[in-house]
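Accompanying notes for the structure given below.
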Amino acid sequence: MATVQKTYQEINEKIRKGQAVVVTADEMVHIVRKKGTERAAREVDVVTTGTFGPMCSSGAFINFGHTQPPIKASKAWLNDVPAYAGLAAVDLYIGATEPTFDDPLNKISPGNFDYGGGHVIHDLVAGKTIRLRAESYGTDCYPNRHVELNVTLEDLPYAVLCNPRNAYQNYNCAVNLSSKTIFTYMGVLKPRMGNANYSTAGQLSPLLNDPYYRTLGLGTRIFLGGAQGYITWFGSQHNPGAPRLASGVPAAPAGTLMVTGDLKQMKPRWLQGTSFQGYGCSLAVGIGIPIPILNEKMAFHTGISDEDIMTQVKDYSFTRPEPLARVTYAQLKSGAITVEGKEIPTVPLSSYVRAQEIANLLKQWIQKGEFFLGEPQHLLPTVPEDDQSVLDPSRQESPPLA
Amino acid sequence: MFSKMLVLRFPREIVDKPIISNLVRNYDLTFNILKAQIYPRKEGIVVLELCGNQKDFKRGLQYMKDIGVRVEPVAQGIRRDEEKCYQCGACTAVCPTGALHIKRPEMLVLFESERCSACELCVKTCPARAMIVTFDKVLDI
């Protein structure tokens with residue numbers, strides 16, 4: 001039998017005819033176990049993935065339209081949340097973690113961070129009216145120095161979600177070795193390893209299903225915030241050189257994505273403002289990526305299960321810098337892990353329920369012929385497969401900060 | 001043994017009466033106070049777990065009602081906004097009673113209000129701010 005080789009065009013043609021075989025990454029685990037990679041590659045065309053969790057490096061470009069008289073906004077606020085206005089006249093960037101200008105922050109610790117940029121984005125997508133305020137120093141061509149407008153997403157001439165770092169390929173499991181409760185971007189961590197928080201969808205997570213980014217790059221069409229969006233570049237802190245298991249799956253935070261999509265098409269269910277006590281505001285983003293099964297290798301990678309994916313347990317209290325242990329996602333999902341002889345309850349921050357919903361939605365879109373694969377025009381930076389630095393347990397990786 | 005988590009609201013006229021001590025002495029009930037507060041207009045609120053045999057429990061409840069204490073189950077004053085909750089599980093880190101817990105392997109985050117002790121730790125731990133506590137917000141007695 002010839003080896004399996006499929007092209008994007010062939011799979012898209014099958015989608016057009018309603019003949020493509022599409023399964024979720026959860027289903028693919030069982031298919032590969034039962035039929036092996038060769039048969040799975042032959043039978044399955046697309047594996048859908050999903051993730052839904054807080055992704056701080058998110059935000060939106062907004063153009064609010066020229067006013068009369070015109071203004072070159074130099075400072076701007078959306079519902080009192082500062083937006084970056086150092087762009088052309090009425091262009092802004094609203095970042096997910098920006099709190100309202102008068103938020104008490106951590107002055108009384110831990111702060112609440114009830115409202116911020118992520119909430120503004122959610123409110124826009126939910127169709128709510130946003131108070132926009134802009135100030136300027138006035139120029140001959142833009143004499144206006146102050147505008148206040150009530151705007152909705154519909155009113156805005158342009159609104160694009162543009163997230164410079166999303167969908168982290170694996171992430172730390174966080175514990176607290178100190179004697180005090182700490183409040184982190186990984187949630188509340190109780191003292192003396194009272195809980196272990198993790199934030200990855202495991203076997204459903206997009207980048208864990210294509211560990212070498214063979215099908216991911218500029219132009220890959222994805223589910224983003226409930227609409228169709230794109231991978232537009234590799235994300236900030238993209239680190240393909242992270243230690244990998246023999247299967248190729250990184251055992252620590254590794255690849256990241258920059259993603260872009262039309263905010264006007266998105267849904268509030270898939271872009272939700274979040275508040276992390278003592279840390280700040282963020283945006284929970286729903287992302288789903290279809291992985292084309294171009295060959296047997298892609299069947300192998302998408303067939304990987306929670307038992308085969310590991311991450312490192314890190315202390316977030318700055319007591320011990322080295323990873324305390326390595327655990328599998330199967331262990332994390334079981335509800336407890338054992339670290340240095342102590343059983344610790346595990347706490348997910350990424351919603352597995354929503355991740356499944358995304359993978360299933362994307363599967364339906366493809367099956368109905370509403371979503372076609374986008375062939376990447378420029379792949380993400382990666383590492384050669386044969387030259388991989390297979391994980392050395394003694395190797396110490398310093399964690400990236402969120 | 002019968003046990004229930006209750007919210008007691010005391011109007012200002014009786015806020016200085018030894019009501020809980022009477023529950024112990026006259027009705028043979030035991031209690032565990034989780035929260036107690038007197039508001040500026042002198043109304044009081046107590047969240048407690050009340051235990052005893054069912055007959056005594058009923059009589060104790062009647063005694064409180066007769067003297068003007070408003071008694072509500074805690075569950076009535078705490079709910080989850082199902083629209084906002086995106087089923088992550090962050091709340092389960094702090095919930096002391098297991099009222100918020102994860103059903104595995106589905107990874108569904110469940111809220112059983114009968115097990116809730118009204119500690120309110122989940123309220124600010126929830127990234128989506130989906131937990132809504134109303135029992136101590138409005139006092140119209």
Side-chain angles (χ1 to χ4, degrees), chain A residues 26 52-54 110-115 118-119 122 126 174 176 181 183 185-190 194-199 201-202 204 268-270 272-279 281-284 286 306 330 332-336 344-357, chain B residues 32 34-35 37 39-40 47 74 77-138:
Chain A
D26 272 348
F52 187 85
N112 291 340
F113 302 94
D114 284 325
Y115 196 85
H119 300 87
H122 172 85
N176 170 16
T181 298
F183 299 87
Y185 66 84
M186 291 297 284
V188 179
L189 299 175
K190 293 192 279 192
N195 55 307
N197 290 15
Y198 67 99
S199 189
L204 261 185
R269 182 173 178 79
W270 305 112
Q272 205 163 331
T274 57
S275 304
F276 281 82
Q277 193 180 14
Y279 165 70
C281 308
S282 190
L283 181 70
D306 286 330
L332 287 168
K333 278 190 196 157
S334 76
I344 312 169
T346 57
V347 174
L349 298 175
S350 167
S351 171
Y352 200 73
V353 174
R354 289 283 180 100
Q356 277 177 319
E357 202 179 326
Chain B
N32 181 20
L34 299 153
K35 191 177 287 182
Q37 181 144 21
Y39 289 94
V47 178
V74 161
I78 293 193
R79 62 188 178 88
R80 185 167 74 175
D81 184 333
E82 299 299 336
E83 189 95 334
K84 278 190 175 175
C85 169
Y86 60 80
Q87 302 273 316
C88 67
C91 53
T92 63
V94 295
C95 182
T97 64
L100 286 156
H101 63 276
I102 295 176
K103 186 183 175 207
R104 300 169 200 279
E106 297 89 343
M107 301 304 284
L108 278 169
V109 184
L110 304 179
F111 175 51
E112 281 178 54
S113 55
E114 314 78 61
R115 288 166 72 182
C116 172
S117 68
C119 72
E120 299 185 53
L121 284 172
C122 58
V123 174
K124 286 175 180 164
T125 302
C126 170
R129 296 283 195 269
M131 298 305 295
I132 301 163
V133 177
T134 51
F135 68 81
D136 56 355
K137 296 291 183 286
V138 186

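To find a chain, count down the sequence lines: A is the first, B the second, and so on, and within it residues start at 1.
In this structure, the portion of Gln272(A) lying under 4.5 Å from any heavy atom of chain B is its side chain and not its backbone. Contact annotation for Pro345(A): neither backbone nor side-chain heavy atoms come within less than 4.5 Å of a heavy atom of chain B. Neither the backbone nor the side chain of Cys91(B) comes within less than 4.5 Å of any heavy atom in chain A. For Lys190(A), the part lying near chain B is the side chain, with the backbone staying farther off; criterion is any non-hydrogen pair under 4.5 Å. Contacts of Ile102(B) with chain A are made by side-chain atoms alone, with heavy-atom separations under 4.5 Å and no backbone atom involved. Using a 4.5 Å cut-off between heavy atoms, Ser350(A) touches chain B through its backbone atoms (N, CA, C, O) alone. If you measure heavy-atom distances from Ser199(A) to chain B, you find no contacts under 4.5 Å at all. Proximity to chain B (any heavy atom under 4.5 Å) is restricted, for Ala284(A), to the side chain, taken from C-beta onward.
When every heavy atom of Gln356(A) is checked against every heavy atom of Glu106(B), the shortest pair comes out as OE1-O, 4.3 Å. Arg104(B) and Leu332(A) get closest at one heavy-atom pair: NH1-O, 4.3 Å.
Taken to the nearest 0.5 Å, the CZ atom of Arg354(A) stands 7.5 Å off from the CD atom of Gln87(B). Atom OG1 of residue Thr125(B) and atom CZ of residue Phe276(A) lie 10.5 Å apart, to the nearest 0.5 angstrom.
When Gly187(A), Ser334(A), Ser282(A) are compared by the number of non-hydrogen pairs under 4.5 Å with chain B, Ser334(A) comes out ahead.
Evaluation of the salt bridge (Lys or Arg N to Asp or Glu O under 4.0 Å) test over residues 83-95 of chain B, restricted to residues two or more places apart or in two chains, returns none.
The shortest distance between side-chain heavy atoms of Pro54(A) and Tyr86(B) falls below 4.5 Å.
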> How far apart are the C-alpha atoms of Lys124(B) and Val188(A), what are their side-chain angles, what is the distance that settles it, and do they pass the side chain to side chain contact (heavy atoms under 4.5 Å, CB included) test?
Replying inline: CA-CA 10 Å; Lys124(B) 286 175 180 164; Val188(A) 179; over 6 Å; no
